[in-house]
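Have a look at the structure below before the remarks.
Numbering of residues begins at 1 and proceeds along the displayed sequence.
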Amino acid sequence: QKWTPAYLATQLGDVQVPVQDSAVEHDAGSPATRSPEHVSLAAYVRDLEAGADSHTLPYIRNVFLSEYCPALLEDVRVPGIAQPNWLLHPSLAPSLRAEWLNWFELFISPPATRFPHVHVDRDHTHAWLLQVCGRKKVWMWPNEAGSTRKPEALEVSSSDVLDTFFPGYEPTIGIIEPGDLVFIPEGWWHTAESQSTSITLSGNWVEQSNWEAFFDSHFLDQEDLPEGVHAVLRRLRSLVADHYLSDGVPGSGPDSVIG
């Protein structure tokens with residue numbers, strides 16, 4: 001098992017990474033929109049290995065490797081379920097955030113750290129979740145469970161009972177361990193809580209089943225777009241779909257994402 005907290009601290013040293021409010025801090029009234037602070041990953045790991053818990057350590061979450069930890073990209077690859085990723089079409093990529101084109105997000109947390117929202121991922125993207133180190137509990141609900149709930153991220157605290165979060169809908173619950181890979185379909189509500197010191201990697205992608213929903217959400221649903229721009233975007237939507245569908249059976253790569 002290559003990726004341990006100690007390994008990451010050795011590889012990254014004094015790299016500064018953003019930390020977010022934990023669920024415990026939300027209980028104390030911290031605003032969900034507070035700008036993240038930054039910490040040295042090496043210092044964070046020292047505190048983690050010294051026994052700091054979720055009451056004293058914040059959550060390293062949603063950290064794009066390409067932005068903060070590019071040296072780690074040599075260790076990872078996209079799992080087969082997320083290939084081909086239609087976001088990588090050369091006609092589309094220039095219009096997207098750079099980190100989406102190499103979508104690997106890092107999460108590090110002490111035991112009993114809960115992701116502070118039950119949420120759906122943006123723009124109808126699918127997501128994969130790989131448990132690298134430690135154990136994590138994951139809750140998932142189908143899209144219709146929260147069809148009347150807005151916005152798409154609902155705050156939760158460490159004390160909230162998630163089994164009854166959406167009345168009438170029982171969540172799918174799993175405990176994931178190192179090497180376990182979870183597929184989260186577009187529109188599914190989800191959250192997670194570390195059961196031990198935890199390292200998780202995730203990514204998002206688009207393919208045939210969610211292509212039109214993604215494209216419409218990200219591009220066509222913008223207000224006040226001139227009709228001429230709409231027409232160009234609709235042509236782009238068809239061009240990308242034709243490119244991938246004409247290639248036949250989608251490619252499949254290795255399921256492992258840590259090499």
Side-chain angles (χ1 to χ4, degrees), residues 20-27 32-33 54 58-65 78-82 85 87 99-100 103-196 198-207 209-210 213-214 217-218 255 257:
Q20 305 279 353
D21 293 337
S22 69
V24 171
E25 289 171 322
H26 279 292
D27 288 346
T33 56
S54 60
Y59 195 175
I60 293 178
R61 63 177 175 88
N62 303 108
V63 173
F64 280 95
L65 297 189
V78 176
I81 62 169
N85 182 359
L87 297 180
E99 57 265 33
W100 288 14
W103 202 322
F104 295 98
E105 294 182 63
L106 178 67
F107 301 74
I108 308 175
S109 60
T113 301
R114 178 175 289 182
F115 193 87
H117 303 97
V118 171
H119 65 288
V120 297
D121 283 2
R122 62 174 301 163
D123 290 330
H124 299 275
T125 52
H126 296 317
W128 55 265
L129 188 73
L130 175 80
Q131 189 62 13
V132 179
C133 177
R135 302 168 72 245
K136 179 169 281 187
K137 187 173 185 177
V138 179
W139 292 260
M140 296 172 55
W141 299 261
N143 177 261
E144 58 267 23
S147 59
T148 63
R149 306 289 290 270
K150 298 293 181 182
E152 295 181 342
L154 307 170
E155 284 194 49
V156 292
S157 73
S158 58
S159 60
D160 284 331
V161 178
L162 294 179
D163 291 5
T164 56
F165 190 79
F166 291 114
Y169 289 90
E170 184 176 343
T172 297
I173 302 173
I175 302 291
I176 56 175
E177 300 185 346
D180 289 339
L181 185 69
V182 177
F183 166 52
I184 303 175
E186 63 94 4
W188 274 59
W189 298 84
H190 57 283
T191 196
E193 180 178 287
S194 55
Q195 306 295 289
S196 65
S198 173
I199 300 175
T200 309
L201 197 64
S202 76
N204 291 51
W205 86 100
V206 174
E207 43 87 57
S209 68
N210 61 332
F214 163 80
S217 173
H218 192 73
D255 285 337
V257 298

**Prompt:** Centroid-to-centroid, Y169 to W141, below 6.0 Å?
**Reply:** no
**Item:** Sub-6.0 Å ring centroid separation between W205 and F183
**Value:** yes
Donor-acceptor contact present, side-chain [X] to main-chain [Y], <3.5 Å:
{"X": "N143", "Y": "W188", "answer": "no"}
{"X": "S198", "Y": "G134", "answer": "no"}
{"X": "H119", "Y": "H190", "answer": "yes"}
{"X": "T113", "Y": "S194", "answer": "no"}
{"X": "E144", "Y": "G146", "answer": "no"}

Is there a side-chain contact between [X] and [Y] in this structure, where contact means two heavy atoms from C-beta onward sitting under 4.5 Å apart?
{"X": "T125", "Y": "W100", "answer": "no"}
{"X": "I108", "Y": "V63", "answer": "no"}
{"X": "L201", "Y": "L65", "answer": "yes"}
{"X": "T191", "Y": "F165", "answer": "no"}
{"X": "V78", "Y": "N85", "answer": "no"}

**Request:** Sort and list the pairs that fulfil side chain to side chain donor-acceptor pair (under 3.5 Å) and have at least one residue in residues 175-187, not counting sequence neighbours.
**Result:** H124-E186, R135-E177
**Asked** What orientation do F115 and F107 show, parallel under 30°, tilted 30 to 60°, or perpendicular over 60°?
**Response** tilted
**Prompt:** Rounded to the nearest 0.5 Å, how far does NE2 of H117 lie from CG of L154?
**Reply:** 8.5 Å
**Complete:** Residue set satisfying side-chain contact (heavy atoms from CB on, under 4.5 Å) with S209, at least two apart, ordered chain then number -> H126, E207
**Prompt:** Which residues pass the side-chain contact (heavy atoms from CB on, under 4.5 Å) test with E193, sequence neighbours left out?
**Reply:** R114, W139, Q195
